[in-house]
Peer 1: 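Quick one: the structure is below, and I'll ask about it shortly.
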Amino acid sequence: MFKSHTCGELRAAHVGQEVTLAGWVNLRRDFGGVIFIVLRDRAGLTQVVVSAETAPDARTVAAEVRNEYVIQVRGVVRRRPVDQVNVEWATGEVEVEAHEVHILNTAQTPPFYIYDDAPVDEALRLRYRYLDLRRKRMQRNIILRHRTVQFIRAYLDQHGFLDIETPQLFKSTPEGARDYLVPSRVHPGKFYALPQSPQQLKQLLMVAGFERYYQIARCFRDEDLRGDRQPEFTQLDLEMSFVHRDDVLDLVEDLVTNLIPAVVPEKRILSPFPRLSHAEALARYGVDKPDLRFGMELVDLTAALAQSGFGVFSGAVQSGGQVKGIVAPGCADYARSEIDTLTEIAKGQGAKGLVTLAFRADGVKGSAVKFLSEGELAEIAVRTGAQTGDLVCIVAAEEAVVGAALSALRLTFRDRLALADPQLLAFGFVLDFPMFEWNAEEQRWDAAHHPFTMPRPNTYEAMIADPLAVLSDAYDLVCNGYELASGSIRVHDPKIQMDIFRVLGYPEDEARAKFGHMMEAFSYGAPPHGGMAPGIDRLVMLMAGENNIREVIAFPKTAQATDLMADTPASVSARQLKELHIRLDL
RNA sequence: GGGGGCGUAGUGUAGUGGUUAACAUGUCGGCCUGUCAAGCCGAAGAUCGCGGGUUCAAGUCCCGUCGCUCCCGCCA
């Protein structure tokens, strides 16, 4: 070994010991006669002192050293003078007085600071990802990710889950995200697809009788990126046999409730996790992934304003829509430009406009005030609970638009007014999703979750006649405004499965071609089963306090799905294409 | 596919259409035996992302393009 200790472990108790350290030069401070080197490795920082008086040869070498050189130091652990203890460091009580310094490797001057987490252009970070990963923030995040996965593996092992791998080369599925395809050399013109999730395979593992399965599974979806979406990402995929919905939820809640204090003890959670129906989430927050850290819930004003003389309100109600509002505390003094910004946010979600009512000491202000009666204004104040100084934001439109607009505004106020406790991880479950969604563009029903989702027991009978009335046994885990996991109880009865395919408009032969292996498997004694798949990247992102999953992925891709370090995707040789029977049409 | 933001020494930034493009930091050299983002002195370092255009004059205005980024669509 090149080292006897790490740079993070020396303490006063080691004083007097002869040690060997090895690592990177974090910083060097050269006083001529004495040189201080801050040595860094994964474990931490240790100050090395090289004195011309006691170690002239070592000092000569130390004078040549530059930032990010890889060096090895032999020396004696010394207690620092009392007034020179560095209280910021775990090793700050001591330093190593070097008598030997060896340069193991030199380094070019890095393109950005390693010893400081100061912001750097994203493209530069990604181009030199291996250097970015040396920085404290990324080391912390990647280590946190490791601890999280280790905890999950141990927990699931203790609870009887088996870690089973499933193929990366599998079959394209007709619904869902765009697949990443892999051409077959052996079978000209045929393709594998990289899994969007191991969904079918984990269900087949239940048919196979493993009863409890999990996998830290890489998933691939060829869709455009977001801050919380990468083309390849990692799920904790788990599936259980002989369970009802609450068995799955209870297990995931217990896992997460134990995980958080174990790996991020400074964070707090809600306990128990709130469980609300999909309909309730939409009604109260306007979205199916609410940030539960703060209130500012949507207030329904539809009944109060249905007969309003203000056509924006009454018109929306007459055409089957809603009028709802939120109260922004203390925002009654917002300037015109700020109101315009809020209006743009609402319009960005499809709203035609935004009605704002500023409850000021000298009355209610806002461009719509003149269209509203005294009684209506009073009614709005009562229903919303608006106080003097508050700003009420009202959207009138169809239900989906009202929810989208007000929830976007709610998150805007969250950030502006710092309404959400950054140390709180507000996990919650959203339940009872609709089974089907009407796809107006293609004039057919889509599965809201996926076609293997079991309908809620008491709603199944209505399925063929009225798909919209069917609720599914699907559920999401949400946290701080993100969807962290989705899951469901699965269909294990081939007859119900065929009914679902019928609603989805799959002819029986097509269903058999796409999912025949599933249907056949279910006919050989499939147990009742269900599962869930928390996104590891998003979970670690939230635990780390980051707002982009790039920060918890060692080698992520850009928003354009490229890798700037390796310059990927890239062209391949004509020979490779020919082997794969592929001709480009660009 | 659409929309917004950003792009100026290695890095982070400043820069009313008008001198030699500024500041900090880093880099290099010198001095320095107790610093901890050390200090002091000195030096080098910029085709202002790229290509067009407007103008007597463009880092600055316009068009296009490339890169990064956020959002909408998309994401069973």
Peer 1: To the nearest Å, how far apart are A:Glu344 CD and B:rG5 P?
Peer 2: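 These atoms are roughly 13 Å apart.
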Peer 1: What's the NZ-C1' distance between A:Lys136 and B:rA37, to the nearest Å?
Peer 2: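 Atom-to-atom, A:Lys136 to B:rA37, this comes out as 13 Å.
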Peer 1: Would you say whether A:Phe31 stacks on B:rG34? The test is a distance between ring centres of less than 5.5 Å and an angle between planes of less than 30°.
Peer 2: no
Peer 1: Between P on B:rG34 and CD1 on A:Ile37, what's the gap in Å once rounded to a whole number?
Peer 2: 17 Å
Peer 1: Measure from NZ or CZ of A:Arg80 to the centre of the six-membered ring of A:Trp89 and say whether it is under 6.0 Å with the direction within 45° of the ring axis.
Peer 2: yes
Peer 1: Using the C1' atom as the reference point in each nucleotide, state the distance between B:rA21 and B:rG15 in Å, no decimals.
Peer 2: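 One C1' to the other, the span is 8 Å.
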Peer 1: Would you say A:Phe36 stacks on B:rU35, if stacking means ring centres under 5.5 Å apart and planes within less than 30 degrees?
Peer 2: yes
Peer 1: Under 4.0 Å between any heavy atoms, over every strand shown, what does A:Asp224 touch: base, sugar-phosphate, or nothing? Just pick one.
Peer 2: base
Peer 1: Using a strict 4.0 Å threshold on nitrogen-to-oxygen distance, state whether A:Lys289 and A:Asp476 make a salt bridge.
Peer 2: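 No, no charged N to carboxylate O under 4.0 Å.
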Peer 1: Rounded off to whole Å, could you give me the CG-to-C1' distance for the A:Asp116 and B:rU11 pair?
Peer 2: 11 Å
Peer 1: Take atom CZ of A:Arg28 and atom C1' of B:rG26, then tell me their distance rounded to the nearest Å.
Peer 2: 13 Å
Peer 1: Under 4.0 Å, counting only non-hydrogen atoms across every strand here, what does A:Glu88 touch: a base, just sugar-phosphate, or nothing?
Peer 2: nothing
Peer 1: Below 4.0 angstrom from OP1 or OP2 of B:rC70, is there any side-chain N or O of A:Arg550?
Peer 2: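 True: A:Arg550 side-chain N/O within range (under 4.0 Å) of B:rC70 OP1/OP2.
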Peer 1: Using the test ring pair (Phe, Tyr, Trp, His ring centres under 6.0 Å), find all partners of A:Phe433 that sit at least two apart in sequence or belong to another chain.
Peer 2: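 If we apply the ring pair (Phe, Tyr, Trp, His ring centres under 6.0 Å) test to A:Phe433, skipping adjacent residues, the hits are A:His278.
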Peer 1: A:Glu97 CD to B:rU33 P: how many Å, rounded?
Peer 2: 16 Å
Peer 1: Taking only the side-chain nitrogens and oxygens of A:Arg226, find out if one of them lies under 4.0 Å from OP1 or OP2 of B:rC72.
Peer 2: yes
